Student: 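Starting off with a structure, shown below.
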Amino acid sequence: MTTAPNKNPELAPFQYEIGGVVLGTGSLVPVGNIEGLGSPGTRSQDADNATGDGTAPGRDFYGPRPMRFEAGIKTPGDPVKAAEILARLERALDDPAARTSPDGRHVLRGRWPGHSTRRMYGRLRRMEATSTATAVHGWIPIDMEFVGLDSPRWYDDELSKLTLGLDQPAHADSADRTVDEAMGRPVGCRPIAPEHRPADDRPGWVTNRGDALTFPSLRIHGPVTRPRIWNTATRRVLELDLSLREGEWVELETRPNTCWALRNGTVNVANDLSPASRLDLFTLPPGRSEIAWTATDPSGTARIEMAWRSAYTTL
């Protein structure tokens, strides 16, 4: 498992960033107050008793998470710099890739003391200069609203990655693993070789460092036939009844509102998934779990690539 390099600006505690502009403590855009950092509003499915008193409780689902920033651009004696920062924020809201595409999202990053930098996906819905009376002095109060969509969770700013070949049993410390161990079942009665021991660093280990489940992205590279991927902790499986030639791939996306199975980035192969293969339920629980897979590959070069961000309930 590796972590991809992060090219975003580093944030200090009580700082936030959107569109490349850093806000908060020690920046040129100090923040006075933020509303909406608590739990998002719920969509309850309570049902009133039609013939009497009381209400039958249903399930509570989170709605979008609106966050309002009361801030100000503060560049004393430099109104040109203040106007430039304001323009950058306006351009961030106007970004067509995030604003006009149904699957487009802005990214809000933030950091609180004792935590690493985390991010949320959504839309910057408002960015307004509430007054220009002091703009000539380099002070422009602004009002921003960001709405977290798809999932109300915060995600690790660092992207974790895993590449797993079909020859993973050949790695050290895992050559003598049984099928039962790979599936997370108790090992059956059999003589244990002296050199056999469960590996502490198996090639399929994945770690979600957060406290909420997260959604991975997977890519299967050919040549391969009938790939089957499973998580030993959740027992969820993804199985495709297809064959890939060398140079071909299938991309499996599990994130809310973006679930898809695409061959070579264009051809929908969702119908090739088995009935038990639920993209929306193939998640990584908090903590450590293990990814394993099987397939037919005479060349021994097939591999899967997996990427995910640890998920948190709070910033």
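All residue numbers refer to positions in the sequence shown, counting from 1. These figures come from a predicted structure and were not determined experimentally.
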Student: Do the side chains of Lys161 and Glu305 get close enough for a salt bridge, i.e. N-O under 4.0 angstrom?
Tutor: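 The answer is no: the pair does not qualify as a salt bridge.
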Student: Say you draw a straight line from CG of Asn231 to CZ of Phe282; how long is it, rounded to the nearest 0.5 Å?
Tutor: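 Answer for the CG-CZ pair, Asn231 versus Phe282, is 5.5 Å.
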Student: I need the full list of side-chain hydrogen bond (donor to acceptor under 3.5 Å, both in side chains) pairs touching residues 130-147, with sequence neighbours left out, sorted by first then second residue.
Tutor: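 Those involving residues 130-147 are Arg68-Asp143, Arg126-Asp143.
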Student: Under a 4.5 Å cut-off applied to non-hydrogen side-chain atoms, are Ile291 and Ile304 in contact?
Tutor: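 Yes - at least one pair of side-chain heavy atoms lies under 4.5 Å apart.
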Student: Which atoms form the tightest heavy-atom contact between Leu23 and Val21, and what is the distance?
Tutor: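 Closest heavy-atom pair between Leu23 and Val21: CD1-O, 3.3 Å.
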Student: Backbone N or O of Thr51 within a donor-acceptor pair of the Asn49 side chain at under 3.5 Å?
Tutor: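 It does hold such a pair.
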Student: With the threshold set at 4.0 Å, does a side-chain nitrogen-carboxylate oxygen contact exist between Arg255 and Asp150?
Tutor: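 Salt bridge absent between Arg255 and Asp150.
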Student: Going hydrophobic residue to hydrophobic residue with side-chain gaps under 4.5 angstrom, can you get from Phe69 over to Leu37?
Tutor: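 Linked within one cluster.
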Student: Compare all side-chain heavy atoms of Leu149 with those of Tyr121 and state whether any distance is below 4.5 angstrom.
Tutor: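 With C-beta onward as the side chain, the pair stays apart.
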Student: Give the C-alpha distance, both sets of side-chain angles, the deciding distance and a yes or no for salt bridge (Lys or Arg N to Asp or Glu O under 4.0 Å) between Asp241 and Arg226.
Tutor: CA-CA 5 Å; Asp241 186 12; Arg226 292 184 61 86; 2.9 Å; yes
Student: Hey, are the side chains of Val29 and Ile142 touching, using non-hydrogen atoms and a 4.5 Å cut-off?
Tutor: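 Sidechains of Ile142 and Val29: in contact.
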Student: Would you name the heavy atoms of Leu273 and Ala261 that are closest together and state the gap between them?
Tutor: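 Result for this residue pair: CD1-CB, 4.4 Å.
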Student: Listed by chain and number, what are the salt bridge (Lys or Arg N to Asp or Glu O under 4.0 Å) partners of Arg236, not counting sequence neighbours?
Tutor: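 Scan of Arg236 (salt bridge (Lys or Arg N to Asp or Glu O under 4.0 Å), adjacent residues dropped) gives none.
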